[in-house]
Amino acid sequence: MSSRYYLWTVGCQMNKADSEKLAAGFDRMGLKATDRMERADIVVINTCSVRQHAEDRAYSKLGRVRDLKKTKPELKVAVMGCMVGLKTDELVKRYPQVDVFARPQQFEPIIELIDGPTEDLGGEFWPTTYAIPEGPVAYVPVVHGCNKFCTYCIVPYRRGREKSRPMDEVVREVAYLAANGVREVTLLGQTVEAYGHDLAEQPDLGDLMRELSEIARLDRIRFLTSYPKDMTHRILEAVAELPKVMECFSLPVQAGSDSVLESMRRGYTRAEYVEKIHEVRALMPKAGITTDVIVGYPGETEADFEATCEILEELRFDKVHVAAYSPRPGTIAFRKMEDDVPAEVKAERLHKVEEIEERISQEINASYVGTVQPILVEAIRKEQPNGRTRTGKLVHIDSPARIGSMVDVRIEHAGPFSLRGNPVDALVLA
Ligand code: SF4
């Protein structure tokens with residue numbers, strides 16, 4: 001069996017979680033990680049095809065792999081993730097140096113490549129292979145795939161249909177993480193509220209969060225990404241009721257105009273989306289809510305774009321992740337729609353959304369000044385600890401604090417992207 005592996009990852013949290021699981025499996029088989037490709041016996045490139053930029057980065061890595069294999073022909077190379085799928089023929093032709101292509105979460109071809117044990121892999125090995133926690137926060141996929149088929153999105157074609165992990169399996173994994181220093185878990189799904197509908201007992205995300213709340217050493221539970229139609233009142237009540245669940249939502253709207261939403265096949269109208277946000281805020285008035293927006297979608301008129309700006313002004317999100325539309329091969333929009341909004345118009349619209357978001361984020365963040373927020377310290381950068389509020393705000397702490405500790409911080413300064421403050425205890429001592 002090969003002895004050293006180099007694993008490179010680009011893309012979303014789900015991709016990172018897949019890589020961490022594969023790395024944990026490699027470790028369990030006795031392989032050693034290396035952060036230098038040149039030293040590896042096996043190279044795994046975990047790709048993303050949601051944006052062109054992510055694909056370009058993977059191509060650049062694959063270029064390096066091609067050069068390396070010329071001098072090291074025994075090197076074993078695997079490509080996994082969302083670039084593997086419809087485009088595999090083209091990838092095979094372009095990169096004959098790659099030994100196997102594996103779709104997301106399909107680790108078996110990679111294990112076969114390294115002559116690892118293939119029996120029982122679908123049974124006990126992967127369900128009990130947990131990523132080794134590197135700090136107090138961890139990501140745990142709970143539902144894989146997506147059934148929604150939004151026209152611009154490649155995910156359902158590459159990650160397949162929604163498939164939930166059994167509840168006891170998730171509970172075991174989170175208990176293991178908590179026993180190893182994790183204090184906050186983020187439950188992941190492309191549409192995380194879809195959790196459970198395909199399981200025998202049909203539990204929902206609220207049921208799962210109730211079970212996880214029983215784990216003594218776990219302090220916080222987050223979840224993303226939300227999909228308005230799947231976010232039921234029952235789930236929202238669980239979020240509001242359970243003290244460990246953070247009031248922190250990632251709820252993409254994508255557009256403010258009904259005609260664009262319909263063309264995107266998002267499955268909801270503007271009014272239904274607005275109603276959902278009101279429902280969240282009626283239960284949790286201080287909830288932190290972020291959203292995603294695409295500008296320059298095929299056919300988006302000036303009036304459509306104005307409708308997007310209006311909904312951002314009306315709903316006042318904590319953060320807006322904005323992207324200019326780019327056609328992704330394999331999607332419905334790529335096949336059927338003309339990418340007809342000029343690049344300079346897309347850039348202008350992107351800029352306008354960024355301006356709105358920066359102003360509103362600054363105003364919302366300013367309302368935190370003077371309040372005391374419990375912060376889970378996640379990391380220390382340049383000697384400054386940082387962590388997040390229960391609403392998901394990034395807070396820099398101006399005094400020493402231990403990673404993994406929960407600190408009450410009085411917020412003294414607010415910028416559009418983060419907050420800053422000092423521990424209450426330190427102020428009392430001063
Ligand atoms: S809900 Fe739509 S955008 Fe989100 S992963 Fe599914 S298809 Fe893609």
Would L350 and Y325 count as a side chain to side chain contact (heavy atoms under 4.5 Å, CB included) if you check the C-alpha gap in whole Å, the side-chain angles of each, and the deciding distance to 0.1 Å? CA-CA 10 Å; L350 187 96; Y325 172 78; over 6 Å; no
Full working for side chain to side chain contact (heavy atoms under 4.5 Å, CB included) between Y6 and V43: CA-CA 5 Å; Y6 171 85; V43 170; 4.0 Å; yes
Looking only at side-chain N and O atoms, does T389 offer a donor or acceptor that is under 3.5 Å from a partner on Y368? no
So E55 and M83, do their side chains get closer than 4.5 Å, heavy atoms only? yes
Give a yes or no answer on whether the side chain of T191 reaches the backbone of A194 with a donor-acceptor pair at less than 3.5 Å. no
Would you say R210 and L242 make side-chain contact, with heavy atoms under 4.5 Å? yes
To the nearest 0.5 Å, tell me how far K61 NZ sits from N46 CG. 13.0 Å
With heavy-atom distances below 4.5 Å as the criterion, would you say the side chains of V143 and H197 are in contact? no
Are any side-chain N or O atoms of R222 and backbone N or O atoms of E184, one a donor and one an acceptor, separated by less than 3.5 Å? no
For L315 and R281, which heavy atoms make the closest approach, and how far apart are they? O-NH1, 2.7 Å
Between CZ of F107 and CG of D18, what distance do you get to the nearest 0.5 Å? 5.0 Å
Please check if the number of heavy atoms outside H351 that lie under 6.0 Å from its NE2 is greater than 12. no
Would you mind checking if E412 and R420 are paired as a salt bridge, meaning a charged N to carboxylate O distance below 4.0 Å? no
Do K148's NZ or CZ and the ring of Y227 fall within the cation-pi criteria of under 6.0 Å and 45°? yes
Carboxylate-amine/guanidinium contact E306 K352, below 4.0 Å: yes
In Å and rounded to the nearest 0.5 Å, what is the CG to CD1 distance from L22 to I110? 5.0 Å
Considering non-hydrogen atoms only, spot the tightest contact between V407 and P423 and give its length. CG1-CB, 3.6 Å
Measuring from atom CG of L419 to atom CG of L394, what distance do you get when rounded to the nearest 0.5 angstrom? 7.5 Å
Under a plain distance cut-off of 3.5 Å, with no hydrogens placed, do R159 and N15 share a side-chain donor-acceptor pair? yes
Could you tell me if the side chain of I294 sits less than 4.5 Å from the side chain of M264, heavy atoms only? yes
Using a 4.5 Å cut-off on heavy atoms from C-beta on, say whether the side chain of Y297 contacts that of M337. yes
T186 vs V137, test: side chain to side chain contact (heavy atoms under 4.5 Å, CB included). Steps then yes/no. CA-CA 8 Å; T186 301; V137 297; over 6 Å; no
Donor-acceptor contact below 3.5 Å, side chain S60 vs main chain D56: no
Angle between ring planes, Y157 versus F149, binned at 30° and 60°: parallel, tilted or perpendicular? perpendicular
Closest approach of R165 and V170, non-hydrogen atoms and distance? CB-CG2, 3.8 Å
Answer yes or no: is there a donor N or O on one side and an acceptor on the other, between the side chain of D318 and the main chain of I289, under 3.5 Å? yes
Could you please spell out the steps behind the side chain to side chain contact (heavy atoms under 4.5 Å, CB included) verdict for W126 and I111? CA-CA 11 Å; W126 291 114; I111 303 307; 3.8 Å; yes
Is the side chain of S226 donor-acceptor paired with the backbone N or O of L251 at a distance under 3.5 Å, no angle test? no
Under the 6.0 Å and 45° cation-pi test, does R266 pair with Y273? no
Between the main-chain N or O of N147 and the side-chain N or O of E162, is there a donor-acceptor pair closer than 3.5 Å? yes
Give a yes or no on whether R359 atom CZ has more than 12 heavy-atom contacts from other residues, nucleotides or ligands under 6.0 Å away. yes
Please determine whether the number of non-hydrogen atoms from other residues, nucleotides or ligands lying under 6.0 Å from atom CD of E262 exceeds 12. no
Specify the closest pair of heavy atoms between Y176 and P133, including all atoms of both residues, with the distance to one decimal. CE2-CD, 4.3 Å
Rounding to 0.5 Å, atoms CG (N365) and NE2 (H413) come to a distance of 10.5 Å
Pairing donors with acceptors under 3.5 angstrom, does anything connect the side chains of T232 and E193? no
I360 side chain near F317 side chain, heavy-atom distance below 4.5 Å: no
Side chains of D258 and T269: is there a donor and an acceptor less than 3.5 Å apart? no
Can you give me the closest heavy-atom contact between D304 and S259, atom names plus distance? OD1-OG, 3.3 Å
Strictly distance-based, threshold 3.5 Å: is any side-chain N or O of S361 a donor or acceptor partner for the main-chain N or O of E358? no
Pairing donors with acceptors under 3.5 angstrom, does anything connect the side chains of Q384 and D398? yes
Main-chain N/O of L224 paired to S250 side chain as donor or acceptor, under 3.5 Å: no
Could you check whether E279 pairs with K276 (Lys NZ or Arg NE/NH1/NH2 to Asp/Glu carboxylate O, under 4.0 Å)? yes
Atom CZ of R66: over 12 foreign heavy atoms under 6.0 Å: yes
Salt bridge R183-D219, side-chain N to carboxylate O under 4.0 Å: yes
Heavy-atom distance under 4.5 Å between the side chains of L188 and Y195, does that happen here? no
Is the number of heavy atoms from other residues, nucleotides or ligands within 6.0 Å of CD (E302) greater than 12? yes
Under a 4.5 Å cut-off applied to non-hydrogen side-chain atoms, are F249 and M284 in contact? yes
For the side chain of K21 and the backbone of T129, is there at least one donor-acceptor N/O pair under 3.5 Å apart? yes
Look at the side chain of K244 and the backbone N and O of I215, then say whether any donor-acceptor pair between them is shorter than 3.5 Å. yes
So which atom in F101 and which in Y95 form the shortest heavy-atom distance, rounded to 0.1 Å? CZ-O, 4.5 Å
Any salt bridge linking E38 with R64? Criterion: basic side-chain nitrogen under 4.0 Å from a carboxylate oxygen. yes
Lys/Arg N to Asp/Glu carboxylate O, R349 vs E300, below 4.0 Å: yes
Working to the nearest 0.5 Å, report the span between NZ of K346 and OG of S326. 7.0 Å
